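Okay, structure first, notes after.
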Number of protein chains: 2
Amino acid sequence: MSSENPTRRKILDTAWKLLEAGGRPTRMSDFARAAGISRQALYLHFPSRAELLVAVTRHVDQVKDIDARLAESRAADSGEARLAAFVSAWGNYIPEIRGVSRALLAMQEGDAEARAAWAGRMEAVRQGCAAAVTALARDGQLAEGLSEKRATDLLWALLSVETWVRLCETCGWSQQDYIAEMQRAARRLLLA
Amino acid sequence: MSSENPTRRKILDTAWKLLEAGGRPTRMSDFARAAGISRQALYLHFPSRAELLVAVTRHVDQVKDIDARLAESRAADSGEARLAAFVSAWGNYIPEIRGVSRALLAMQEGDAEARAAWAGRMEAVRQGCAAAVTALARDGQLAEGLSEKRATDLLWALLSVETWVRLCETCGWSQQDYIAEMQRAARRLLLA
DNA sequence: ATGTCAACTTTACACCGTGTCAAGATTCCC
DNA sequence: GGGAATCTTGACACGGTGTAAAGTTGACAT
C-alpha cells in the first residue's frame with residue numbers, strides 16, 4: 001500500500017530518523033529539508049503534518065513488524081506465559097516508536113486526526129491486553145473480584161507509553177528493569 | 001502572595017472555570033473574554049499563557065488546599081493506612097485539576113516554562129509517594145526485592161494524571177472505582 | 001524532435017494564535 | 001484639577017501550517 005513511491009519512502013525514512021533523533025523542532029520544513037526536497041513537495045505527498053506522522057507510524061510498524069512481534073505472545077501456552085510475552089513484546093516496542101509517539105501525542109489536543117490515529121494504535125494494544133487477560137481467565141488465574149474488562153483496563157494503563165516515559169525517561173530506569181518490573185507488576189495485579 | 005488584586009483574582013477564577021469546563025479552545029482571548037477584560041489587559045497581569053496557566057494551578061492549589069489534604073495522609077499510623085490515605089487524597093484531587101493539567105500538559109512540548117511548572121507539581125506528588133513508601137519500609141511491609149526508590153517510582157507512575165485520564169476518561173471508570181482499584185493496586189505492587 | 005505528463009521548484013499569500021507597542025480613555029486619590 | 005494606575009482600541013511582527021500558481025526538469029512515447 002505504501003511501498004512503491006521512492007520519494008515517499010525517503011520522506012518516511014528521514015522523518016522517522018528525525019523524530020527518533022529527538023532534536024526538538026520537527027516542523028514541516030524540517031522534514032522537507034531532511035528528505036532533500038522542498039516544503040511544497042512534502043505537501044504533494046502528505047496533505048498535513050498529522051497525516052505525515054500517521055504515515056510514519058504505519059511505516060515504522062511495517063518495518064519493525066510489530067504484528068509479528070505481538071503474534072509471538074499469542075503462541076505461549078499458559079496464560080501467565082502469554083502475559084509475560086505480551087508485556088515484553090509491547091514494552092520493547094515502545095522505545096522504538098518513542099519519537100513518533102511523542103510528536104503524535106503532542107498534537108493530540110487540537111488535531112482530531114492525530115487524536116484518532118493515536119487512539120487507533122492504542123486500541124490495538126488494548127486488544128493485546130484483552131487477549132492476554134482472557135487467556136489468564138481461561139486458566140482460572142485471574143484474581144477474584146477482577147472482571148476481565150477491569151483487568152484489561154488496568155493492564156492497558158500499566159503498559160501505556162506515558163508510563164514508560166515516566167519510568168524510563170523521567171525516573172531513569174533501564175529498559176531491562178522496565179520490562180522486568182512490568183512483568184512483575186502485571187503478575188501481581190492480575191493473578192489470583 | 002496573590003490575593004490582593006481583584007482583577008487578577010477574577011482572571012484566575014474565570015480562567016479556571018473555563019479550563020475546567022473543558023470546552024476546547026482556551027486561547028488568551030478566551031480567558032480575556034471570560035474575565036470581562038481586553039486581551040491586552042490580560043497581558044498586563046500575566047506575561048504569557050504559560051505563566052497564566054501556572055498561576056491558575058497555584059490558585060487552585062490554594063483554594064482547594066491540596067496541602068491540607070495531603071497532610072491528612074501523613075497522620076495515618078500504619079504505613080499501609082498511610083498508603084491508602086495518600087492514594088485517596090491525591091487520586092481525588094486529580095479530577096479537580098483536570099482542566100488546568102490538560103492545558104499545561106498540552107503545551108509541555110515547546111514551552112520550557114510549562115514543562116518546568118508541571119515537573120514541579122509532579123515532584124511534589126513524588127515526595128508524597130516517597131513518604132508513603134518510607135512509612136511502609138519502616139513497618140517492614142515493603143515487598144522484598146523492591147528498593148524504596150523503585151517502589152516510589154512505581155507508585156508515582158501508577159498515580160500519574162495520565163493514568164487517571166486513561167482509566168476514568170477513556171475507559172469510563174467512576175472516580176470511586178478508580179480510587180478503590182488504585183488502592184488495591186498500590187497494595188499489591190508494594191506490600192510484601 | 002516533439003509533445004506531454006508527473007514530480008519537483010520557487011515565490012507568494014492567507015490564516016491563526018502569541019506576544020509587543022503606542023495612543024487614548026476611565027477612575028480613583030490627593 | 002493633576003496625576004497615576006488600569007484598562008481599551010487598534011495595529012503589527014513573528015512563526016508555523018496549509019494553499020495557489022507558474023515555471024523547470026526529465027522520462028518516455030510516437
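Numbered from 1 within each chain, the chains take letters A, B, ... in sequence-line order. Quick note: numbers below take in every heavy atom, side chains included, and nothing from hydrogens, waters or symmetry partners. Model, not experiment: these values are computed from the prediction.
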Of the candidates D:dG10, D:dG18, C:dT10, the side chain of B:Q40 sits closest to D:dG10
Residue A:A41, side-chain atoms from C-beta onward, closest of C:dC8, C:dG19, D:dT9: C:dC8
Can you tell me the distance, in whole Å, between the [atom1] atom of [X] and the [atom2] atom of [N]?
X      : N      : atom1 : atom2 : result
A:K10  : C:dA7  : NZ    : C1'   : 15 Å
A:E51  : D:dT17 : CD    : C1'   : 14 Å
B:L44  : C:dA25 : CG    : C1'   : 14 Å
A:F31  : D:dG16 : CZ    : P     : 13 Å
B:M107 : C:dT18 : CE    : C1'   : 10 Å
A:Y43  : C:dC13 : OH    : P     : 18 Å
B:R24  : C:dC16 : CZ    : C1'   : 18 Å
B:R27  : C:dC16 : CZ    : C1'   : 9 Å

For A:R39 and A:H45, find the nucleotide of DNA chain C closest to each by heavy atoms; which residue's nucleotide sits nearer the 5' end? A:H45
Give the intermediate values and the outcome of side-chain hydrogen bond (donor to acceptor under 3.5 Å, both in side chains) for residues B:E162 and A:T163. CA-CA 8 Å; B:E162 290 89 342; A:T163 298; over 6 Å; no
A side-chain contact here means heavy atoms from C-beta on lying under 4.5 Å apart; do A:P95 and A:Y178 qualify? no
Taken to the nearest 0.5 Å, the spacing of A:L190 CG from A:E80 CD works out to 10.5 Å
Can a donor-acceptor pair be found, under 3.5 Å and without considering hydrogens, that links the side chain of B:E144 to the backbone of B:A192? no
Would one find a side-chain N or O of B:T7 under 4.0 angstrom from OP1 or OP2 of D:dC7? yes
